[in-house]
There are 2 protein chains.
Amino acid sequence: MTAVSTDFAQALRDAGLRVTQQRMIVMSVLMESEDHPNADELFARTKVIDGSVSFATVYRTLAALEEAGLIRKLSFEHEPARFEVTPAAEHDHLVDVDTGEVIEIESAEIEQLRRELVERLGYEIISHNTLIRARKKPRS
Amino acid sequence: MTAVSTDFAQALRDAGLRVTQQRMIVMSVLMESEDHPNADELFARTKVIDGSVSFATVYRTLAALEEAGLIRKLSFEHEPARFEVTPAAEHDHLVDVDTGEVIEIESAEIEQLRRELVERLGYEIISHNTLIRARKKPRS
DNA sequence: ATAGCTGCAAAAGTTTTGCATTCCA
DNA sequence: TGGAATGCAAAACTTTTGCAGCTAT
C-alpha cells in the first residue's frame, strides 16, 4: 500500500515546517477549491471548518506554503492575490474579461519553446506565470 | 515633415483625454525610463521635473493612460505594480530572482502558438502578460 | 463657460508585524 | 523544554476618493 499522492503533513515536514492544525486546514481548503481563491476567501472557507483560525495565520500560512513551493501565488491586476496548489504541469491562466472566469490552459509546445528561449539567454526557469486577458469570440 | 512617432499630446487627444502638463510629464518620464518603474518611482522622477505634481495625479494619470491603452500595468508579486509604455510587439518579462533585474523577451513563434490555442477555445486575446522567474545558469 | 483635472488629505483595502501565549517536536 | 507558530490588534503599504479650486477646450 503506497501513501496517498498528496500527504500534506509529510510535505510540510519535508519542507522543515511544523505540522499544525491551522496549516492542515488552510492547505486542505485550498486543495478542495476548484477556483483560485484569494486570502480573504480562504479565510472565510477556513472559518467554516475551524472558527479559531485567524486572518494573520492564513496569510502567514500562505507565505510559508509558497516559500516551500507547495502552493503558488497568482498576481492579477486590480484585485488581491489568488492562490492555487502548485500544479504538476505548468499552465497559463486565461481570464475572460467580461465574466472574470479563469480558465487554465496548457501547451507543451509553448513550454518547450519558452524553456529554450530562456536557456539561450543563460537562464534556467524557476517558475513562470502567464495571464491572458481575452474575450469570447462572437460565433461567425 | 512628418510628426514624431510618439506624439504624446495627439495620443491623449485621440483617446479623448485632455492634454495637461501633469500628464505630459508623467508620460514623458515613463517613456524615458529604461526600467519598469512603479508609481512611487514615477512620482519621484516626476517631482524632479515639476515638484507640484501630486501623488494622486500620478496614480490617476497612470489609470487614465492605461485605460487609453497608452501604457501597460505589470503586476509582479510581493511588490507594487510597475508600468511601461505599451510595446509595439508583445513581449514577456523575465525576472532574475537573484538580482531583481527585469529582461524583456520575445518570440513570434510562441505568440503564434498562444493565439491559436486561445482561438481554439473560442476566445480572442486582448492582451497577455508573462512573468518568468529565472536564475542565471552556472556556466558549464 | 464648463466639464474635466488636480492637490490635498483622508479613507479604503490588502498584507505584515509586535507581543504575549500556545503548541509541536 | 524551547523554538516555532498562533491570535489579536495595531501598523504598514499601496491605491483610491471627496471636495474645493484650477484649467484646457
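In what follows, chains carry the letters A, B, and so on, assigned in the order in which the sequence lines appear, proteins first and then strands, with residues in each chain numbered from 1.
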| For B:K47 and C:dC8, what is the distance between atoms NZ and P respectively, to the nearest whole Å? | 10 Å

| remark: A:I25 CD1 to C:dC23 P, in whole Å, measures 13 Å

| query | So, is B:Q22 close to the C:dG7 phosphate, meaning a side-chain N or O under 4.0 Å from OP1 or OP2? | reply | yes

| Can you tell me if A:S33 and A:R45 form a side-chain donor-acceptor pair at under 3.5 Å? | yes

| query | Under 4.0 Å between a side-chain N or O of B:T57 and OP1 or OP2 of C:dG7? | reply | yes

| query | What integer distance in Å separates A:L12:CG from D:dA4:P? | reply | 16 Å

| query | What's the OH-P distance between B:Y59 and C:dG13, to the nearest Å? | reply | 16 Å

| Over how many whole Å does the gap from B:F76 atom CZ to C:dT14 atom C1' extend? | 20 Å

| field | Closest non-hydrogen atom pair between A:F83 and A:A39, with its separation | value | CE1-N, 4.1 Å

| Nearest to side-chain heavy atoms of B:A56, which nucleotide of C:dC8, D:dG7, C:dC5 | C:dC8

| Side-chain donor/acceptor of B:R18 to base of C:dA3, under 3.5 Å | yes

| Which nucleotide, D:dT15, C:dC24, C:dT15, lies nearest any side-chain atom of A:A81? | C:dT15

| Which residue lies toward the 5' end of DNA chain C, B:G51 or B:R23, if each is placed at its nearest nucleotide? | B:R23

| Nearest heavy atoms of B:S107 and A:L117, plus distance in Å | CB-CD2, 3.9 Å

| query | Roughly, in whole Å, what's the span from CE in B:M24 to P in D:dA24? | reply | 12 Å

| query | Between the base of C:dG4 and the side chain of B:R60, is there a donor-acceptor distance below 3.5 Å? | reply | no

| For C:dT22, does either OP1 or OP2 sit under 4.0 Å from a side-chain N or O belonging to A:Q21? | no

| Rounded interatomic separation in angstrom, taking CD from A:E77 and P from C:dT14 | 16 Å

| query | Distance check: side-chain N/O of A:T20 vs OP1/OP2 of D:dT6, anything under 4.0 Å? | reply | yes

| message | A:H128 vs A:D92, test: side-chain contact (heavy atoms from CB on, under 4.5 Å). Steps then yes/no. | response | CA-CA 9 Å; A:H128 81 89; A:D92 297 344; 3.0 Å; yes

| task | Give the rounded distance in Å between these two atoms: CG of B:L62 and C1' of D:dT15. | result | 11 Å

| request: State which of D:dG7, C:dT15, C:dC5 makes the closest approach to the side chain of B:L17. | output: C:dC5

| field | Test side-chain hydrogen bond (donor to acceptor under 3.5 Å, both in side chains) applied to A:H91 and A:E84, A:E106, A:E111, the passing residue | value | A:E84

| Which nucleotide in the set C:dC8, D:dG7, D:dT14 lies at the smallest distance from any side-chain heavy atom of B:P80? | D:dT14

| request: Please tell me which of the listed nucleotides, D:dT6, D:dA24, C:dG7, lies nearest to the side chain of A:T61? | output: D:dT6

